[in-house]
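One is the number of the first residue; the rest follow in order along the sequence. No hydrogens, no waters, no symmetry mates; every other heavy atom, side chains included, goes into these values.
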Amino acid sequence: MKQFFDEVSDESRWQAVETRDNRADEQFVFAVKTTGICCRPSCSARHPLRKNVLFFENVAAAVDAGFRPCKRCQPDKPAPEQQRIDRITEACRILEASSEPIVLAELAVRVAMSPFHFHRLFKQVTGLTPHAWQKALRAKRLREQLNEGEGVTRAVFEAGYQSGSNFYQQANEVLGMTAKQYRRGGARATIQFVVGSCRLGEFLVAQSERGICAILLGNDAQSLIHELETLFPNSSLDVGDESFARRVAQVVSVLEHPGQQVALPLDIQGTAFQQQVWQALRQIPAGQTASYSDIAQRIGKPQAVRAVAGACAANKLAVVIPCHRVVRNDGALSGYRWGVDRKRQLLEIEAKQREE
Ligand SMILES: [Zn+2]
């Protein structure tokens, strides 16, 4: 039997019960000797007398000791919050399994929720409206189909775009080039690049037709070019022309003075989730830091701490998307795609600029 016998923590457990603190729901259950029932700390039922209460590690331990789960707070079922997340996850699976867009009302019915609550919860869990989520899904499918060598019209259709006047226009918007160009290996869409050195070491700046698409840092030009090839396997790489070189000068100025505002066209390519994280990173002022969980909170997905770290690591635009301003919860620097020393250096530069 796993009953707790620790007076000090029992005091804090009782406090959690008295305040109906739902953060404690995952940590223990309490059982009432007089009724034979066990509850989550957040249970809304009237509180028993302290002297009749026992604490258990989990509902199984309480049941072993002869208590029945409360019908109101259902400690033997997943937490309500988890149940809601599960429904949204199920909705995402339904969308993924369907080749056609599904209207909100229908989707809500399929996960047994009202359209209003479904819409709100979907946004809360995924950060996107069901409509925007489906749009991102179609975009991903289209890229996959085209990468598999599917014909353009067919690929656009199979990705779930409805035929009509904006049939191609939508697809173009998503791909950043026409579907035909994309199909031909990006028509070998050209990416211009320049390598050079700045006070952070060697850098590479690359630009697509839509804007700056990569800013990489490293120790030697050769490996930076190799990294660029890996990031954009379907594009042909070309050494930048003179007008591009002028734009690069602006980028270098940002690399050397990271607090500076950037007025450059950026071609930010990533999943909907990554884009959200990167947007949140750009809101962290220079000279300040945030933790991975801060960012997860800010984008409304407090559970997604690991995925946030993944999105930071996938950033292709060094300094301009300031993933160097994200540190561990305890303030430790943690990893940096372009080396922890460089991260430290950047934060020092920013701290200094702030004093000036
Ligand atoms: Zn209860």
Side-chain angles (χ1 to χ4, degrees), residues 22 25-26 40 59 73-150 153-164 166-167 170-171 173-176 179 182 268-280 292-293 295-314:
N22 61 9
D25 284 353
E26 302 302 312
R40 295 174 191 281
V59 66
C73 65
Q74 304 185 319
D76 51 333
K77 304 260 170 65
E81 178 61 19
Q82 188 56 48
Q83 289 182 30
R84 285 195 288 266
I85 291 172
D86 289 348
R87 286 189 189 182
I88 298 306
T89 311
E90 192 193 334
C92 292
R93 293 221 179 93
I94 293 172
L95 290 174
E96 276 163 355
S98 164
S99 57
E100 280 157 32
I102 302 178
V103 296
L104 175 72
E106 190 196 332
L107 199 53
V109 166
R110 288 176 68 175
V111 294
M113 293 180 83
S114 78
F116 174 75
H117 281 118
F118 175 72
H119 188 272
R120 205 177 53 175
L121 187 64
F122 194 97
K123 178 100 196 285
Q124 204 182 320
V125 172
T126 67
L128 297 171
T129 64
H131 180 75
W133 197 92
Q134 293 194 68
K135 198 170 158 196
L137 174 67
R138 285 196 297 273
K140 179 172 153 265
R141 281 184 182 157
L142 179 58
R143 282 193 208 100
E144 282 166 4
Q145 298 269 358
L146 290 169
N147 285 340
E148 278 168 20
E150 194 66 79
T153 309
R154 198 182 161 79
V156 171
F157 184 72
E158 290 202 342
Y161 290 94
Q162 301 297 294
S163 53
N166 62 354
F167 181 70
Q170 280 184 29
E173 221 173 86
V174 158
L175 295 169
Y182 190 92
I268 302 176
Q269 295 180 23
T271 63
F273 178 82
Q274 288 172 335
Q275 305 241 17
Q276 251 195 313
V277 172
W278 296 337
Q279 200 52 45
Y292 295 105
S293 20
I295 298 297
Q297 295 271 3
R298 283 175 206 176
I299 63 169
K301 285 184 228 169
Q303 313 292 333
V305 178
R306 258 165 201 265
V308 165
C312 290

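- For the residue pair Pro115 and Ala105, the shortest heavy atom distance occurs at CG-CA, 4.4 Å.
- Of the inter-residue distances, the one linking Ile88 atom CD1 with Leu121 atom CG reads 4.0 Å to the nearest 0.5 angstrom.
- Note that CD of Gln303 and OG of Ser293 are 11.0 Å apart. Values are rounded to the nearest 0.5 Å.
- The shortest non-hydrogen separation linking Val277 to Cys312 is CG1-SG, 4.4 Å.
- Across all their heavy atoms, Ala304 and Ala296 have their closest contact at C-CB, 4.2 Å.
- To the nearest 0.5 angstrom, Phe116 atom CZ is 11.5 Å from Leu104 atom CG.
- Residues Pro75 and Val59 share a closest heavy-atom pair of O-CG1, 3.7 Å.
- Partners of His131 by side chain to side chain donor-acceptor pair (under 3.5 Å), not counting sequence neighbours: none found.
- Looking at every heavy atom in both residues, Cys73 comes nearest to Arg40 through O-NE, 2.7 Å.
- Pairs passing the salt bridge (Lys or Arg N to Asp or Glu O under 4.0 Å) check and including a residue from residues 108-121, sequence neighbours excluded, read Glu106-Arg110.
- Listed by chain and residue number, Ile94, Val111 satisfy the side chain to side chain contact (heavy atoms under 4.5 Å, CB included) test with Glu90 (two or more places apart in sequence, or in another chain).
- How far CD of Gln279 is from CZ of Arg298: 13.0 Å, rounded to the nearest 0.5 Å.
- Remark: Ala313 engages no residue in a side chain to side chain contact (heavy atoms under 4.5 Å, CB included) (not counting sequence neighbours).
- Contact between Ala314 and Trp278 at its shortest, heavy atoms only, is O-CZ2, 3.7 Å.
- Qualifying side chain to side chain contact (heavy atoms under 4.5 Å, CB included) partners for Gln275, counting only residues two or more places apart in sequence or in other chains: Ile268.
- Taking the side chain to side chain contact (heavy atoms under 4.5 Å, CB included) definition, one finds that Gln134 meets it with Leu95, Pro101, Arg138, sequence neighbours left out.
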